Amino acid sequence: MLKIGIVIGSVRQGRNAEAVANWMYDFATKRNDAEYELVDLAKYPLPLLGAAIPEAQQKEAEATMKAWSEKMAEFDGYIFVAPEYNHAVGGALKNALDYLNPELNNKAAGFVGYGSLGGTRAHENLRLILGELQVADVRTAVTFSLMTDFENMSVFKPADYHANNANDMLDQLLKWSKALKTIR
């Protein structure tokens, strides 16, 4: 059975990403077609790539980097839950992806986003980043609007119609993940 990581791509305090990721996880697991796992980026406090790490924090930083790499290597595909910050993917997710390369090669990814335009610009940004990491991204994405799918921009109340995109995205992701598994 394919193993798909649902990556919570925000570490911001008071983030909406956790509620969105939990919705996606619950939705996906009800399909009973793959093994899904939530991966919370906040549990991997990675240092800024290339920044000096104080000697006292070196071992802890190395352990975090190793744990992040090993966790991401476990999966056949990914769903990135990505909010849009300033017309792009958030810095924490970009930094975390910069720590990876062979762990992601020849795998597939789908996107779930939220923001004023549903996180679509973050998805476009991720498509460029993941292309460099040899990750095939699927066409259909799930896009939640802060204005219509959240009460007061903070309480997640998704409209029912998102289920169609979620099913289409998952169907595409599983097909690509299965196909790419044959060349790894």
Side-chain angles (χ1 to χ4, degrees), residues 1-12 15 17-18 20-22 24-25 27-29 31 33-51 53 61-85 88-114 119-143 165-166 168-184:
M1 185 172 274
L2 292 172
K3 189 171 181 182
I4 305 296
I6 301 174
V7 180
I8 304 174
S10 173
V11 298
R12 181 180 276 186
R15 64 193 174 165
E18 196 167 2
V20 174
N22 285 329
M24 187 69 244
Y25 175 80
F27 185 91
T29 56
R31 290 170 41 115
D33 56 4
E35 181 183 339
Y36 296 93
E37 181 180 335
L38 286 169
V39 180
D40 191 346
L41 190 54
K43 293 182 180 176
Y44 298 89
L46 296 160
L48 187 60
L49 184 69
I53 301 169
E62 288 173 2
T64 300
M65 289 181 261
K66 184 176 190 283
W68 171 244
S69 171
E70 289 173 350
K71 175 51 67 182
M72 293 300 281
E74 291 178 11
F75 300 107
D76 298 303
Y78 309 93
I79 298 169
F80 290 99
V81 177
E84 183 176 314
Y85 299 133
V89 66
L93 180 54
K94 171 63 168 96
N95 186 61
L97 290 171
D98 285 344
Y99 275 97
L100 305 172
N101 195 315
E103 302 89 340
L104 303 182
N105 292 172
N106 298 312
K107 295 182 181 181
F111 306 118
V112 176
Y114 62 93
T120 56
R121 293 174 289 207
H123 297 166
E124 292 305 314
N125 198 214
L126 277 169
R127 290 180 198 282
L128 293 171
I129 296 162
L130 293 174
E132 180 62 23
L133 297 171
Q134 299 180 56
V135 176
D137 58 88
V138 300
R139 180 185 177 275
T140 303
V142 184
T143 57
N165 276 352
D168 288 349
M169 183 270 292
L170 289 167
D171 289 346
Q172 293 168 20
L173 176 63
L174 295 179
K175 286 176 188 174
W176 278 96
S177 295
K178 182 179 179 183
L180 288 169
K181 191 172 186 172
T182 65
I183 63 170
R184 286 197 310 276

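It should be emphasised that the depicted structure is a prediction, and the values quoted were computed from it without experimental measurement. Hydrogens, waters and symmetry mates are skipped; everything else that's a heavy atom, side chains included, is used.
Taking OG1 of Thr120 as the reference point, atom CG of Leu126 lies at 11.5 Å (rounded to 0.5 Å). Taken from NE2 in His123 to CZ in Phe80, the straight-line distance is 11.0 Å, to the nearest 0.5 Å. Atom OG1 of residue Thr29 and atom CD1 of residue Ile4 lie 13.0 Å apart, to the nearest 0.5 angstrom.
Pairing each heavy atom of Ala141 with each of Asn165, the nearest pair is O-ND2, 3.5 Å. For Ala92 against Val11, the heavy-atom pair with the smallest separation is CB-CG2, 3.6 Å. Of all non-hydrogen atoms in Val135 and Ala108, the two that sit nearest each other are CG1-C, 3.9 Å. Listed here is the closest heavy atom pair of Ala82 and Leu93: CB-CD2, 4.2 Å. Of all heavy-atom pairs between Ala96 and Leu41, the closest is CB-CD1, 3.4 Å. Residues Met24 and Ala166 share a closest heavy-atom pair of CE-CB, 4.2 Å.
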task = Could you walk me through whether Trp68 and Val39 pass side-chain contact (heavy atoms from CB on, under 4.5 Å), step by step?
result = CA-CA 10 Å; Trp68 171 244; Val39 180; 4.0 Å; yes

query = Hey, mind stepping through Val142 and Val20 against side-chain contact (heavy atoms from CB on, under 4.5 Å) and telling me if it holds?
reply = CA-CA 10 Å; Val142 184; Val20 174; over 6 Å; no

inquiry  = What verdict does the side-chain contact (heavy atoms from CB on, under 4.5 Å) test give for Leu97 and Leu104, after you've listed the backbone C-alpha separation in whole Å, the side-chain angles of each residue and the deciding distance to 0.1 Å?
reply    = CA-CA 9 Å; Leu97 290 171; Leu104 303 182; 4.0 Å; yes

query = Step by step, would you call Ile79 with Leu170 a side-chain contact (heavy atoms from CB on, under 4.5 Å)?
reply = CA-CA 9 Å; Ile79 298 169; Leu170 289 167; 3.6 Å; yes

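Every residue meeting the side chain to side chain donor-acceptor pair (under 3.5 Å) condition with Tyr85, not counting sequence neighbours, appears here in chain and number order: Ser10. Every residue two or more places apart in sequence or in another chain that forms a side chain to side chain donor-acceptor pair (under 3.5 Å) with Arg31 is listed here: Asp33, Asn167, Asp171. Applying the side chain to side chain donor-acceptor pair (under 3.5 Å) criterion to Asp168, with sequence neighbours excluded, gives no partner residue. With sequence neighbours left out, Phe27 forms a ring-ring contact (aromatic ring centres under 6.0 Å, His included) with Trp23. When the side-chain contact (heavy atoms from CB on, under 4.5 Å) test is applied to Ala61, the partners found at least two apart in sequence or on another chain are Pro47, Ile53, Met65. When the side-chain contact (heavy atoms from CB on, under 4.5 Å) test is applied to Asn95, the partners found at least two apart in sequence or on another chain are Leu46, Leu48, Leu49, Tyr99. Remark: Tyr25 pairs with no residue by the ring-ring contact (aromatic ring centres under 6.0 Å, His included) rule, at least two apart or across chains. Residues forming a side-chain contact (heavy atoms from CB on, under 4.5 Å) with Leu128 (at least two apart in sequence, or on another chain): none.
Legend: side-chain hydrogen bond (donor to acceptor under 3.5 Å, both in side chains) pairs involving residues 174-184, not counting sequence neighbours, sorted by first then second residue: Asp76-Arg184. Residue pairs meeting the salt bridge (Lys or Arg N to Asp or Glu O under 4.0 Å) criterion with at least one member in residues 35-50, sequence neighbours excluded: Lys3-Glu37, Arg15-Asp40, Glu37-Lys71. Identified under the side-chain hydrogen bond (donor to acceptor under 3.5 Å, both in side chains) test for residues 131-140, with sequence neighbours left out: Arg127-Asp137, Thr140-Gln172. Within the structure, salt bridge (Lys or Arg N to Asp or Glu O under 4.0 Å) contacts touching residues 98-109 (residues at least two apart or in different chains) are Lys94-Asp98.
Looking only at distances, a side-chain donor or acceptor of Asn22 sits under 3.5 Å from a matching main-chain atom of Glu18.
Side chains of Phe75 and Val7 form no contact here, defined as non-hydrogen atoms less than 4.5 Å apart.
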